[in-house]
Amino acid sequence: MEINGATVLVTGGNRGLGKAFVEEFLDRGAKKVYAAARDPRTVTDPRATAIELDVTDHASIERAAAQAGDVTLLVNNAAVDRLTTSLVDGDREDIKLEFDTNLFGVLDVTRALVPVIAANGGGHVLNVASVLSWLPWGAYGATKAALWSVTNHLRNELRPRDIGVTGLYVAYIDTDMSAHVTQPKHDPRAVARAAVDGIAAGADEVLVDEFTRNVRAALNVDPTKLLR
Ligand SMILES: NC(=O)c1ccc[n+]([C@@H]2O[C@H](COP(=O)([O-])OP(=O)(O)OC[C@H]3O[C@@H](n4cnc5c(N)ncnc54)[C@H](OP(=O)(O)O)[C@@H]3O)[C@@H](O)[C@H]2O)c1
């Protein structure tokens with residue numbers, strides 16, 4: 001996928017990794033970058049095209065897809081982590097919000113934008129997952145595990161429509177989501193750079209760091225033992 005001249009839509013493009021994606025695409029010659037956000041007033045990059053999009057709201061998704069009829073590259077970045085580490089005692093509403101945002105949000109935005117990308121002659125979808133796609137980690141981990149499967153399925157389903165699909169897998173990134181974490185964290189811009197390199201190369205998966213690569217390579221190990 002050629003980044004130069006692409007028209008990109010990044011969900012959650014107002015802050016964190018999404019903001020880094022917007023900057024990376026613009027710096028690499030994208031023709032237009034829609035920074036999609038629940039509140040478009042929070043998009044601060046003047047080079048970006050701010051657009052309203054709540055990935056859990058069907059009407060909002062439809063409006064955004066109608067407005068962004070020139071998109072060729074979709075980045076499903078928006079997500080929430082409600083830190084529901086207990087699947088038994090955790091708040092069910094929090095668990096539902098994580099699935100509604102991180103899984104159904106990705107699916108619904110993709111379903112709305114695939115016809116747009118196909119009508120523009122094909123393009124690419126990047127799904128931002130996590131190393132926690134492969135480790136048992138509460139509801140958030142479960143959403144990212146499901147996203148891995150969805151991403152793999154979409155890669156096959158969208159190939160005949162000339163749409164490539166890349167999954168991004170990575171450990172901690174230095175954003176609001178991991179503000180409570182004291183372990184080393186990646187610079188969001190470096191993660192965005194690695195992911196965009198992967199899109200440009202047509203990679204199925206981008207494994208950003210050694211920890212993620214080791215976990216991916218250990219998928220034959222009982223996951224509960226792996227985490228211990
Ligand atoms: N941070 C990490 O350590 C880490 C590690 C691996 C993977 N990731 C993944 O990286 C991606 C970006 O996360 P981040 O670290 O940048 O998190 P973040 O700093 O918490 O930002 C989350 C973004 O998602 C948006 N968002 C949340 N719910 C939304 C909704 N319903 N509709 C539209 N946008 C919504 C937020 O918008 P508002 O400003 O409106 O809240 C914000 O732009 C996520 O997929 C995350 O799972 C993060």
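All ligand and atom numbering here is 1-based and tracks the order in the structure.
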Provide, to 0.1 Å, the distance between atom 47 (O) of ligand 1 and the closest protein heavy atom, together with that atom's residue and name. Tyr140 OH, 2.5 Å
Min N/O separation Tyr172 to ligand 1 under 3.5 Å: no
Tell me whether Ala129 reaches ligand 1 (any heavy atom closer than 4.0 angstrom to a ligand atom). yes
Proximal atoms of ligand 1 relative to Leu53 (non-hydrogen, under 4.0 Å): 32 (N), 33 (C)
Under a 4.0 angstrom heavy-atom cut-off, which atoms of ligand 1 come close to Val80? 27 (C), 28 (N)
Would the distance check show the side chain of Asp209 and the main-chain N or O of Ala171 forming a donor-acceptor pair, the cut-off being under 3.5 Å? yes
Return the residue, atom name and 0.1 Å-rounded distance of the protein heavy atom closest to atom 45 (O) of ligand 1. Asn77 O, 2.7 Å
Asn14 near ligand 1, heavy-atom distance under 4.0 Å? yes
Identify the closest protein heavy atom to atom 2 (C) of ligand 1: which residue and atom is it, and at what distance? Ile173 N, 3.4 Å
Tell me whether ligand 1 is touched by Lys144 - counting only heavy atoms on the residue side and a distance under 4.0 Å. yes
Could you tell me if any non-hydrogen atom of Thr11 lies under 4.0 Å from any atom of ligand 1? no
Are Val125 and Asn127 close enough that some pair of their side-chain heavy atoms sits under 4.5 Å apart? yes
Is any side-chain heavy atom of Leu107 less than 4.5 Å from a side-chain heavy atom of Val150? yes
Ligand 1 to Asp176, heavy atom cutoff 4.0 Å, flagged ligand atoms 19 (O)
Ignoring angles and geometry beyond distance, decide whether Gly13 reaches within less than 3.5 Å of ligand 1 through its nitrogen or oxygen atoms. no
Any atoms of ligand 1 less than 4.0 Å from a non-hydrogen atom of Val128? List them with their elements. 9 (C), 10 (O), 11 (C), 45 (O)
Taking it one step at a time, do Ser60 and Asp54 satisfy side-chain hydrogen bond (donor to acceptor under 3.5 Å, both in side chains)? CA-CA 6 Å; Ser60 168; Asp54 180 337; 6.0 Å; no
Can you sort out which atoms of ligand 1 are near Arg15, meaning under 4.0 Å from one of its heavy atoms? 18 (P), 19 (O), 20 (O), 21 (O), 36 (C), 38 (P), 39 (O), 41 (O), 42 (C), 43 (O)
Nearest non-hydrogen contact with atom 20 (O) of ligand 1 belongs to which option: Met177, Lys19, Arg38, Lys185? Met177
Atom pair OG1 (Thr151) and CD (Glu205), whose distance is rounded to the nearest 0.5 Å: 8.5 Å
I'd like to know if the side chain of Arg155 reaches the main chain of Asp204, judged simply by a donor and an acceptor atom lying under 3.5 Å from each other, with no hydrogens or angles considered. yes
Which of the numbered atoms in ligand 1 are under 4.0 angstrom from any heavy atom belonging to Leu17? 10 (O), 12 (C), 16 (O)
Only heavy atoms count here, so choose which of Thr175, Val43, Val55 is nearest to atom 32 (N) of ligand 1. Val55
Just to be sure I'm reading this right: ignoring hydrogens, which of Pro40, Ala195, Ser178, Ala78 gets closest to atom 26 (N) of ligand 1? Compare them by their nearest heavy atoms. Ala78
Using 0.5 Å steps for rounding, measure from the CG atom of Asn102 to the OH atom of Tyr140. 6.5 Å
Examine ligand 1 and decide if any of its atoms is less than 4.0 Å from a heavy atom belonging to Ala171. yes
Where do Asn152 and Ser149 land on the side-chain hydrogen bond (donor to acceptor under 3.5 Å, both in side chains) test, with the steps shown first? CA-CA 5 Å; Asn152 292 338; Ser149 177; over 6 Å; no
Strictly distance-based, threshold 3.5 Å: is any side-chain N or O of Thr11 a donor or acceptor partner for the main-chain N or O of Asn76? no
Between Val10 and Tyr34, is there a side-chain heavy-atom distance shorter than 4.5 Å? no
Need the ligand 1 atom indices (1-based, order shown) with element for anything under 4.0 Å from a heavy-atom of Thr101. 28 (N)
For atom 22 (C) of ligand 1, which of Ala20, Gly12, Ala35, Ala79 has the closest heavy atom? Ala79
Rounded distance (nearest 0.5 Å) linking atom CD1 of Ile163 with atom CD of Glu157: 10.0 Å
Does some side-chain heavy atom of Val8 sit less than 4.5 Å from a side-chain heavy atom of Lys32? no
Note: Val109 and Val55 closest approach over all heavy atoms is CG2-CG1, 3.8 Å
